Undergrad: 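Here it is: the structure, laid out below.
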Amino acid sequence: MSLTITPLSSALGAQISGVDISQPLASEQRDAIEQALLQHQVLFFRDQPIDPQQQARFAANFGDLHIHPIYPNVPEQPEVLILDTAETDVRDNAIWHTDVTFLPTPALGAVLSAKLLPVYGGDTLWASGIAAYEALSEPLKNLLQGLTATHEFIKSFPLERFGNTPEGLARWEQAKRKNPPLSHPVIRTHPVSGRQSLFVNEGFTTRINELSDSESEVILKLLFAHATRPEFTIRWRWQTHDVAFWDNRVTQHYAVDDYRPQRRVMHRATILGDVPFFR
Ligand SMILES: O=C(O)CCC(=O)C(=O)O
Ligand SMILES: [Fe+2]
């Protein structure tokens, strides 16, 4: 059975059917999914009930998996982390962000599975950094091409939210020590497709290094707003057993926090990436 790929907007997003991702993939299926990911940047699969082991196996088709420093995980499958509003109601993800850009090698991508959903709300949006980059004027592209930006773990994981138990504090302190601020290029070249993408995000990016404080502040504000224009985004209305798979090298996402006090549970497997570079 072959894959059907249905694009959902010009900027990004496609729905994929004709594959059961709970089963090992044939190499043609794996390659077709990778090609679709490169082209559409975020893929959606409906009706895919997968357990943590199957989720990790699917994700591992595309690279080695990452174990998150802060989020709780499935004990018997630590590569799968749990986002459960009943357990850790931290609301970290209701901000536009690219996952783990505080790492020297931010995630290649992630596979997110909807386990328990609120009756209303809880959508997730993705934005294409490629569409955002391409829509910039030539002078601004030229300015940004040589620049680097600082990314900081503590911008999205501040002490206040994790330091309320001795255990949480110890984990946070260790994570902070292990993840000092670092720099990435402001424009990133996709390592496989070669396409250019805007690579700053409100979740973790704190400064454009080569600019003055006030210049950096204004330009980052402009870029954060530009990157998330509705035309560069897609909004997914989840159903239970949906799976999303995004290319974290060229996208950002935002988990809408509009369903409290209902519970929402998601599982995520994160694929390790490489060092971002510009051309
Ligand atoms: O809960 C969601 O929809 C997305 C959360 C998120 O930011 C992530 O899994 O990386
Ligand atoms: Fe995220």
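Model, not experiment: these values are computed from the prediction. Remember, it's 1-based here, ligands and their atoms both numbered in the order they're listed.
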Undergrad: Between His253 and Asp99, does any side-chain donor sit less than 3.5 Å from a side-chain acceptor?
TA: yes

Undergrad: Going through the distances and angles, do Phe245 and Phe44 end up as a ring-ring contact (aromatic ring centres under 6.0 Å, His included)?
TA: CA-CA 7 Å; Phe245 177 19; Phe44 302 100; over 10 Å; no

Undergrad: Among protein heavy atoms, which sits nearest to atom 4 (C) of ligand 1, and what does the distance come to when rounded to 0.1 Å?
TA: Leu112 CD2, 3.6 Å

Undergrad: Of all the non-hydrogen atoms in the protein, which one sits nearest to atom 3 (O) of ligand 1, and at what distance?
TA: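 It is Thr124 OG1, 2.5 Å.
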
Undergrad: Please report which non-hydrogen protein atom sits nearest to atom 5 (C) of ligand 1, along with the residue it belongs to and the distance in Å to one decimal place.
TA: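 Here the nearest protein heavy atom works out to Asn93 ND2, 3.5 Å.
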
Undergrad: Can you find a heavy atom in the side chain of Arg57 that is under 4.5 Å from one in the side chain of Ile50?
TA: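 They are not in side-chain contact.
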
Undergrad: What angle sits at the Fe ion (ligand 2) between NE2 of His97 and OD1 of Asp99, to 10°?
TA: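 Angle OD1(Asp99)-the Fe ion (ligand 2)-NE2(His97): 100°, rounded to 10°.
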
Undergrad: My understanding is that we take every heavy atom of each candidate and find the minimum distance to atom 2 (C) of ligand 1. Doing that for Gln252, Arg268, Arg264, His267, which one comes out nearest?
TA: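 Closest candidate by heavy-atom distance is Arg264.
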
Undergrad: With a cut-off of 4.0 Å, which atoms of ligand 1 are near a heavy atom of Ala255?
TA: 1 (O), 2 (C), 3 (O), 4 (C)

Undergrad: Has Trp126 got any heavy atom lying under 4.0 angstrom from an atom of ligand 1?
TA: no

Undergrad: Considering only heavy atoms of Asp99, which atoms of ligand 1 have at least one such atom less than 4.0 Å away?
TA: 10 (O)

Undergrad: Under a 3.5 Å distance rule, please check whether Gln48 uses its side chain to pair with a backbone N or O of Val19 as donor and acceptor.
TA: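 The answer is yes, because a donor-acceptor pair under 3.5 Å joins these two groups.
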
Undergrad: Where on Trp236 is there a heavy atom closer than 4.0 Å to ligand 1, on the side chain, on the backbone, on both, or on neither?
TA: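 Trp236 to ligand 1: no contact under 4.0 Å from either part.
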
Undergrad: Indicate yes or no for a side-chain donor-acceptor contact from Asn248 to the backbone of Ala107 under 3.5 Å, with no hydrogens or angles considered.
TA: yes

Undergrad: Flag yes if more than 12 heavy atoms outside Gln145 fall under 6.0 Å of its CD atom; otherwise flag no.
TA: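 Count over threshold, so yes.
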
Undergrad: Run the numbers for me: atoms of ligand 1, each under 4.0 Å from some heavy atom of His253, listed by number.
TA: 6 (C), 7 (O), 8 (C), 10 (O)

Undergrad: So, regarding Trp238 and ligand 1 (criterion: nitrogen or oxygen to nitrogen or oxygen, under 3.5 Å), is there a contact or not?
TA: no

Undergrad: Checking the side chain of Gln55 only, and the main-chain atoms of His267 only, is there a donor and an acceptor separated by less than 3.5 Å?
TA: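 Checking the backbone N and O of His267 against the side chain of Gln55, a donor-acceptor pair under 3.5 Å is found.
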
Undergrad: Pair Phe224, Trp96 - check ring-ring contact (aromatic ring centres under 6.0 Å, His included), show working.
TA: CA-CA 8 Å; Phe224 293 156; Trp96 280 103; over 10 Å; no

